[in-house]
Structures are given as C-alpha cells and as structure tokens.
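Scroll down for the structure; my scribbles are underneath it.
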Amino acid sequence: MTGLLMQGLYELKRRMYPGNRPGRLARAMIRLDAAQFALGLAPRRAATLEVTGRRTGRPIAVPVVVVFLGEHRYLVSMLGEHANWVRNVRAAGGRAVLRRRGREPVRLTEVPALDRVPIIRRYLQVAPGARPHLPVTARSPEPDLCTAATIIPVFLIDADG
C-alpha cells in the first residue's frame, strides 16, 4: 500500500479509539473478533482473553494477539497502561483464561520494562491492527523502543493449573 493510503487507514483506526477507549464501532468489532478467535477461526496467534471484570465480577472477553518468542508466549497491550483488560488482569492477580478452540487457564505475569523490547518488536511484526496505536514501529531504533517499553504493558503467559 502507498504511504498516504496507509496513513489514512491508521487515522481511521485511531478515530475508532477516541481517548484510547474503543468507540461504538470498535466495541462491535471487538465482540465479533472475540467470538471468532475463541472458536479458532483466525490465525494461530489470535485468541480471546477472558478475565474477571474488576468492577462487575463478570467475565470480560477481549480479542488478543499472542506473541510467540522463543519458548514463551506473551500478550501486549496496544492501548497501553489504561486498557481495561490490563487493569482487570492486575486486579485478578494475573489469573485469566485464553480461549482458542477450548479454554486454557493461564497466569499472566508482567514483564519488566527493560525486557519488553524484543517482544514489542515482534508484536509489531505480527499484529498489524495494533500499529496505529503504538508510538513506535518494528523498525524503530532500540532507544525509541526502550522508551516506549515503559508505557506498553507486556505479560508473560504461563499455564495456571
């Protein structure tokens, strides 16, 4: 795609998340994606994260991209520290469920900022929908990625059971 067309698409995606919160259209797309990913009707890296809502106590489902790096799996928050799923995971002590053709209870552990750079770089390579929301690209220099890593939460996925 041309640079101008890509900029237009990125701007449209950013407008779907005013104030880094999903608007009406984004919420509808999130529900569809979460259902599709839970059934496994998407690439291997797509899944649905289910976590207990910190206010409601009800399960909240959100589509996520699982980053495979070495022997480990990770989740990255494209909307940063204030994404609801990040707050809910922290309130739940890291306990959650990944859904993709079944349910996998998991424990999410926050990765220290200094260790996030290669994970964020990989995330940017495999999650094109997240690119408009992040202040860096997969080709950004290391110092820029280090700075961004302080504001982009990353969680290690471990089996919980």
Side-chain angles (χ1 to χ4, degrees), residues 1-51 60-90 94 96-101 106 108-157:
M1 276 192 219
T2 66
L4 193 55
L5 179 58
M6 188 66 76
Q7 283 180 330
L9 288 173
Y10 278 17
E11 181 59 30
L12 176 62
K13 282 214 51 127
R14 282 190 292 270
R15 286 183 183 189
M16 290 172 54
Y17 289 82
N20 268 350
R21 311 285 299 168
R24 181 177 290 160
L25 178 58
R27 284 193 306 272
M29 291 174 68
I30 287 168
R31 282 191 295 278
L32 282 171
D33 285 346
Q36 173 185 331
F37 294 176
L39 293 171
L41 303 175
R44 181 179 93 128
R45 63 183 170 262
T48 296
L49 176 69
E50 210 173 76
V51 63
I60 307 294
V62 62
V64 292
V65 172
V66 178
V67 176
F68 294 86
L69 192 62
E71 297 176 10
H72 300 289
R73 299 177 298 162
Y74 301 92
L75 295 180
V76 178
S77 173
M78 76 174 192
L79 297 178
E81 292 283 334
H82 303 294
N84 264 333
W85 75 262
V86 170
R87 291 176 173 181
N88 289 335
V89 163
R90 289 174 177 158
V97 172
L98 270 182
R99 290 179 37 215
R100 179 173 171 71
R101 294 187 183 162
V106 295
L108 302 178
T109 307
E110 204 149 355
V111 175
L114 293 175
D115 298 332
R116 296 175 185 173
V117 170
I119 302 160
I120 293 169
R121 189 181 301 277
R122 182 70 184 138
Y123 179 69
L124 286 161
Q125 292 169 345
V126 300
R131 294 176 192 153
H133 303 285
L134 296 172
V136 289
T137 69
R139 294 188 181 121
S140 293
E142 195 82 7
D144 292 352
L145 282 163
C146 288
T147 300
T150 64
I151 61 168
I152 301 172
V154 175
F155 294 88
L156 171 67
I157 302 169

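Being a predicted model, the structure only gives us computed values, none of them experimental. Values reported hereafter were calculated over all heavy atoms of this structure, with side chains retained and with hydrogens, waters and symmetry mates removed.
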How long is the gap from CG on L124 to CE on M78, to the nearest 0.5 Å?
12.0 Å

Taking the side chain as every heavy atom from C-beta outward, state whether L156 and H72 have any pair of such atoms under 4.5 Å apart.
yes

Nearest non-hydrogen partners of L49 and L108, listed with the distance
CD1-CD1, 4.0 Å

Minimum heavy-atom distance between P135 and I151, given as atom pair plus value:
CG-CD1, 4.3 Å

Taking side chain as C-beta onward, heavy atoms only, is T48 less than 4.5 Å from V64?
no

Side chain proximity check, V117 to E142, heavy atoms < 4.5 angstrom
yes

Evaluate the side-chain proximity of W85 to I60: yes if any heavy-atom separation is below 4.5 Å, no if none is.
no

Can you give me the closest heavy-atom contact between Y123 and L134, atom names plus distance?
CE2-CD1, 3.8 Å

NZ or CZ of R44 within 45° of F68 ring axis and under 6.0 Å:
yes

A149 versus R116, closest heavy-atom pair with distance:
O-NH1, 2.7 Å

Could E81 and R87 be called an ion pair, given the rule that one side-chain N must be under 4.0 Å from one carboxylate O?
no

Closest approach of V111 to D115 (non-hydrogen atoms, all atoms of both residues)
CG1-CB, 3.7 Å

Shortest non-hydrogen separation from A47 to V66 and the atoms involved
CB-CG2, 4.1 Å

